[in-house]
Amino acid sequence: MSKQIFDYDKLSSKIPYKYAVPIAVAKRAEAIKEYAKPYVSTPDNNPVSIAFRELLDGYVRIKNEEILRILLPNTK
């Protein structure tokens with residue numbers, strides 16, 4: 001059984017844009033796989049796990065969050 005590397009619920013509370021998180025993680029994982037140096041290490045050294053960990057720890061941020069705020073629905 002693998003060890004849990006990140007808590008998605010904690011990441012969701014930190015970044016409320018549920019569709020932006022997977023896109024940001026995918027782009028960062030692609031960058032790590034091709035040319036970028038990771039800021040953190042994970043036990044499995046998987047680029048996706050590293051990208052999630054970097055996003056959760058705040059090493060990587062989502063650009064243009066003000067544009068994403070417009071897309072949040074107004075629900076009661």
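Bear in mind that the values here come from a model prediction, so they are computed numbers and not experimental data.
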### Query
Rounded to the nearest 0.5 Å, how far apart are CG of Asp7 and OG of Ser12?
8.5 Å
#### Entry: Check against side chain to side chain contact (heavy atoms under 4.5 Å, CB included), Ile15 and Leu11
CA-CA 6 Å; Ile15 303 169; Leu11 184 61; 3.8 Å; yes
### Query
Taking the inter-plane angle between the rings of Phe52 and Tyr8 on a 0 to 90° scale, is it parallel (under 30°), tilted (30 to 60°) or perpendicular (over 60°)?
perpendicular
### Message
So, using side-chain hydrogen bond (donor to acceptor under 3.5 Å, both in side chains) as the criterion, who are the partners of Asp57 when residues are at least two apart?
### Response
Arg53
Cut-off 3.5 Å, no hydrogens considered: what does the side-chain donor-acceptor table look like for residues 19-31, sequence neighbours left out?
| residue | atom | partner | partner atom | Å |
| --- | --- | --- | --- | --- |
| Arg28 | NE | Glu54 | OE1 | 2.5 |
| Arg28 | NH2 | Lys37 | O | 3.3 |
| Arg28 | NH2 | Glu54 | OE1 | 3.3 |
| Arg28 | NH2 | Glu54 | OE2 | 3.3 |

#### Entry: Min side-chain heavy-atom separation Ile50-Asn46 under 4.5 Å
no
### Message
With a 3.5 Å distance limit and no angle check, can you tell me whether Lys14 reaches the backbone of Leu56 through a side-chain donor-acceptor pair?
### Response
yes
